[in-house]
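Written out below as structure tokens is the structure these notes cover.
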Number of protein chains: 2
Amino acid sequence: METEHIDTLSKLLKSMSHPIRLKILCLLRDQELSVGDIRNQVKTTNANVSQHLNILRNQGIIDCRKDANFIYNRVTDPRITELMKTMQELYCPHK
Amino acid sequence: METEHIDTLSKLLKSMSHPIRLKILCLLRDQELSVGDIRNQVKTTNANVSQHLNILRNQGIIDCRKDANFIYNRVTDPRITELMKTMQELYCPHK
DNA sequence: TTTCTATTTTAGTAATTAGTTTAATGTAGT
DNA sequence: ACTACATTAAACTAATTACTAAAATAGAAA
């Protein structure tokens with residue numbers, strides 16, 4: 001694997017490797033959620049969720065659309081969905 | 001996904017998300033290498049490689065065997081190999 | 001034993017990352 | 001206009017992580 005890919009991938013993994021951000025990605029895997037929705041599930045402050053969402057946006061993992069005064073977030077990159085699926089299969093004991 | 005799995009996985013991703021450690025994992029995917037071998041490929045100090053290897057060992061990703069005064073490292077967890085394979089397929093343009 | 005080589009550990013510092021608080025922005029409804 | 005709500009931005013402290021250099025450990029060979 002080339003250095004360029006190593007760097008790209010390590011940045012991606014880093015952005016996913018915070019428990020709050022990983023949880024957000026899980027939540028957004030099959031639904032669109034507002035910042036407030038996420039805050040309720042993750043139990044932290046709005047500002048903190050916002051900061052984490054921003055990191056995921058800058059990484060190109062999620063994007064958002066605005067509706068009234070809500071911002072709905074969703075996973076955009078299908079590779080992330082695929083990667084999450086693989087991780088779940090490998091690390092979550094299948095029922 | 002349960003909180004426990006989220007924590008486990010985020011720790012795993014964190015340990016993989018440093019470029020040097022990710023490169024080490026790539027190198028060890030299909031071969032056993034000594035600390036010095038790795039240092040030559042990664043271009044840093046022995047101590048630095050040793051520290052990164054230690055992080056990967058504590059995470060249970062790799063283990064090592066001693067032969068004379070060399071320590072040979074290898075990936076032990078087959079899930080890591082599988083995960084690396086998926087990441088490579090998704091993020092390295094296939095020839 | 002001494003010497004050399006490979007690796008690890010420790011200690012120190014620099015750099016990055018995380019979380020809290022507060023202020024600011026934007027939008028809908030009254 | 002004002003008020004309420006949702007979100008973001010800025011500033012700061014605390015905590016973690018990374019790298020370097022030097023000392024320590026362990027084994028092989030002389």
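Just so it is clear, the model here is predicted, and its values are computed rather than measured.
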Classify the side chain of B/Asn69 versus the base of C/dT7 as yes if they form a donor-acceptor pair under 3.5 Å and no if they do not. no
Looking only at N and O atoms, is any donor in the side chain of A/Gln51 or the base of D/dT7 less than 3.5 Å from an acceptor on the other one? no
Calculate the interatomic distance between [X] atom [atom1] and [N] atom [atom2]; express it in whole Å.
X       : N      : atom1 : atom2 : value
A/Asn46 : C/dG19 : CG    : P     : 15 Å
B/Asn54 : D/dA18 : CG    : P     : 13 Å
A/Tyr72 : D/dT7  : OH    : C1'   : 13 Å
B/Ile62 : C/dT7  : CD1   : P     : 12 Å
B/Lys11 : D/dT16 : NZ    : P     : 13 Å
B/Asn48 : D/dA21 : CG    : P     : 11 Å
B/Asp67 : C/dT5  : CG    : P     : 18 Å
A/Ile20 : C/dA18 : CD1   : P     : 10 Å

Roughly how far apart are A/Gln88 CD and A/Thr86 OG1, rounded to 0.5 Å? 10.0 Å
Checking contacts here: which listed nucleotide ([options]) is nearest the side-chain heavy atoms of [X]?
X       : options               : result
A/Phe70 : D/dA6, C/dT9, D/dA26  : D/dA6
B/Ser50 : D/dA28, C/dT27, C/dT9 : C/dT9
B/His18 : D/dC19, D/dT8, C/dA18 : D/dC19

Do you know which two heavy atoms are closest between B/Met84 and B/Leu22, and how far apart they sit? SD-CD1, 4.1 Å
Do any side-chain nitrogens or oxygens of [X] fall under 4.0 Å of OP1 or OP2 in [N]?
X       : N      : answer
B/Arg57 : C/dT7  : no
B/His52 : D/dC19 : yes
B/Arg39 : C/dA6  : no
A/Thr44 : C/dG19 : no
B/Lys14 : D/dT17 : yes

Checking side-chain polar atoms at under 3.5 Å, does B/Ser34 have a donor or acceptor matched by the opposite partner on B/Asp37? yes
Per nearest nucleotide of DNA chain C, the residue lying toward the 5' end, B/Val35 or A/Thr45, is B/Val35
Any side-chain heavy-atom pair from A/Ile71 and A/Arg65 closer than 4.5 angstrom? no
Side chain proximity check, A/Leu13 to B/Met87, heavy atoms < 4.5 angstrom: yes
